[in-house]
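Structure, as structure tokens:
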Number of protein chains: 2
Amino acid sequence: MARAGLTTERLTQAGAELADEVGFDQVTVSALARRFDVKVASLYSHLKNSQDLKTRIALLALEELADRAADALAGRAGKDALTAFADVYRDYAHEHPGRYTAARLRLDPETAAASAGVRHSQMTRAILRGYDLEEPDQTHAVRLLGSVFHGYVSLEMAGGFSHSAPDSQESWSRTLDALDALLRNWPAP
Amino acid sequence: MARAGLTTERLTQAGAELADEVGFDQVTVSALARRFDVKVASLYSHLKNSQDLKTRIALLALEELADRAADALAGRAGKDALTAFADVYRDYAHEHPGRYTAARLRLDPETAAASAGVRHSQMTRAILRGYDLEEPDQTHAVRLLGSVFHGYVSLEMAGGFSHSAPDSQESWSRTLDALDALLRNWPAP
DNA sequence: CTAATTTGCCTAAAGGGTTTAGGCAAATGC
DNA sequence: GCATTTGCCTAAACCCTTTAGGCAAATTAG
């Protein structure tokens, strides 16, 4: 019988595609085996288990997101950098909803520390260099930005802002305006 | 054989407790049956299916959250109202992580429209009456607040802000200070 | 206070996902 | 060309979901 040519990488990639098509929660080892027209047990030579597959998809998504963000940030500063970075998140979530959900998977501390998640916070701090914030306010601001980006995209994906005026795109722009204004005028404790 | 006295309400309640104990994703009809020391099939007279159970837990959580928020808002305005409201969300998420996760479940539009979710947005708008915002900026602000609250709590629950200085409580306070400042000084388009 | 009816929980069974153990054949190395 | 490694397979156990049909407990009616 001919071999299918399975590798951990190909499985992860296909898992990411599957996530975008049917939703991250619907990604199962069984569904992936069907996609490769192979028996389920065969995947267990390449994947520890179901959780392992999901973690790998999450790590892939974090890498992709960090790469896009780094591209977007190149040569930009201030509000320009802020909106470019924010748009990367939102656009990625729209293009790849399953991957984006995967990127929000809770990772155990050591996996997280070795992931592209670190690059994400470094880039957020880089953006804040365009504003005038000392520690600990810079850290507070990093956390606020992360919260807004994740929160907005997440509520939008859940359908929270659809079917009501104004347009979500409009609120997103105005939210970024507001964040820029806030960072330029950060309140004293 | 004696009867267990199952009702949809008791199952929902127990499901919510189970969610807080083992996580919302681990809430299954089987686990619930074990908790009542009853066969799995018996629950299907009271619940349509697994999704139905999860939706009911979500609706319960939304009600509880809205009740707490309404209490907290009584007699408060301005920044006082803003922080009281925000703290309700964060405290609820800490006390009832499973329920909080449930509250974020994607509901179909008609279920959502009949849920306590509507009260949540009404209350957010009520808070904004303490600030000077015209439409459509008021709607943008409602969306921003929802994003920050959800985003912050969600990242915090995922462990994003632990094991690093400063304290998450500190960032939360300063985030609320910042939001208050922003709402008092909302930028023109 | 029985008798009839409704209701509640049960057994049985089918379908799907996860995971491990052990086997044979294809690919690789000498 | 032969030995070894690697890859995919069969088989099987376990758990969760869901439906169908049955018996007994609780409720209602005469």
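Naming: A, B, ... by sequence-line order, numbering from 1 per chain. Everything quoted here is computed from the prediction, not taken from an experiment. What's counted below: heavy atoms across the whole structure, side chains too, no hydrogens, waters or symmetry copies.
- Here the two rings, on Tyr89(B) and Tyr152(B), have centers that are 6.0 Å apart or farther.
- For the segment residues 8-27 of chain B, no residue has any heavy atom less than 4.0 angstrom from an atom of DNA chain D.
- Using a 4.0 Å cutoff on non-hydrogen atoms, the parts of residues 38-56 of chain A near DNA chain D are Val38(A), Lys39(A), Ala41(A), Ser42(A), Ser45(A), His46(A), ordered by number.
- Taking every heavy atom of both residues into account, Ala72(A) and Ala84(A) meet most closely at O-CB, 3.9 Å.
- Residues satisfying the side chain to side chain contact (heavy atoms under 4.5 Å, CB included) criterion with Thr7(A), sequence neighbours excluded, are Glu9(A), Arg10(A).
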I'd like a table of donor-acceptor pairs (distance under 3.5 Å, sequence neighbours excluded) in which one partner is a side-chain atom from residues 28-37 of chain A, with atom names and distances.
unit_1: Thr28(A); atom_1: OG1; unit_2: Ser30(A); atom_2: N; d: 3.4
unit_1: Thr28(A); atom_1: OG1; unit_2: Ala31(A); atom_2: N; d: 2.8
unit_1: Arg35(A); atom_1: NH2; unit_2: Glu21(A); atom_2: OE1; d: 2.6

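- Annotation: side chain of Leu59(B) is in contact with side chain of Thr111(B) (closest heavy-atom distance under 4.5 Å).
- The phosphate of dT18(C) (OP1 or OP2) has a side-chain N or O of Ser30(A) nearer than 4.0 angstrom.
- Remark: Glu135(A) engages Arg125(A) in a salt bridge, criterion side-chain N to carboxylate O under 4.0 Å.
- Residue pairs meeting the salt bridge (charged side-chain N to carboxylate O under 4.0 Å, His left out) criterion with at least one partner in residues 59-70 of chain A, sequence neighbours excluded, are Glu63(A)-Arg119(A), Glu64(A)-Arg99(A), Asp67(A)-Arg119(A), Arg68(A)-Glu95(A).
- Residue Arg34(B) contributes atom CZ, which lies 9 Å from atom C1' of dC16(D) at whole-angstrom precision.
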In residues 177-185 of chain B, what donor-acceptor pairs under 3.5 Å come from side-chain atoms, sequence neighbours left out?
unit_1: Asp177(B); atom_1: OD1; unit_2: Lys79(B); atom_2: NZ; d: 2.5
unit_1: Asp177(B); atom_1: OD2; unit_2: Arg174(B); atom_2: NH1; d: 3.1
unit_1: Asp180(B); atom_1: OD1; unit_2: Tyr131(B); atom_2: OH; d: 2.6
unit_1: Asp180(B); atom_1: OD2; unit_2: Arg184(B); atom_2: NE; d: 3.1
unit_1: Asp180(B); atom_1: OD2; unit_2: Arg184(B); atom_2: NH2; d: 2.9

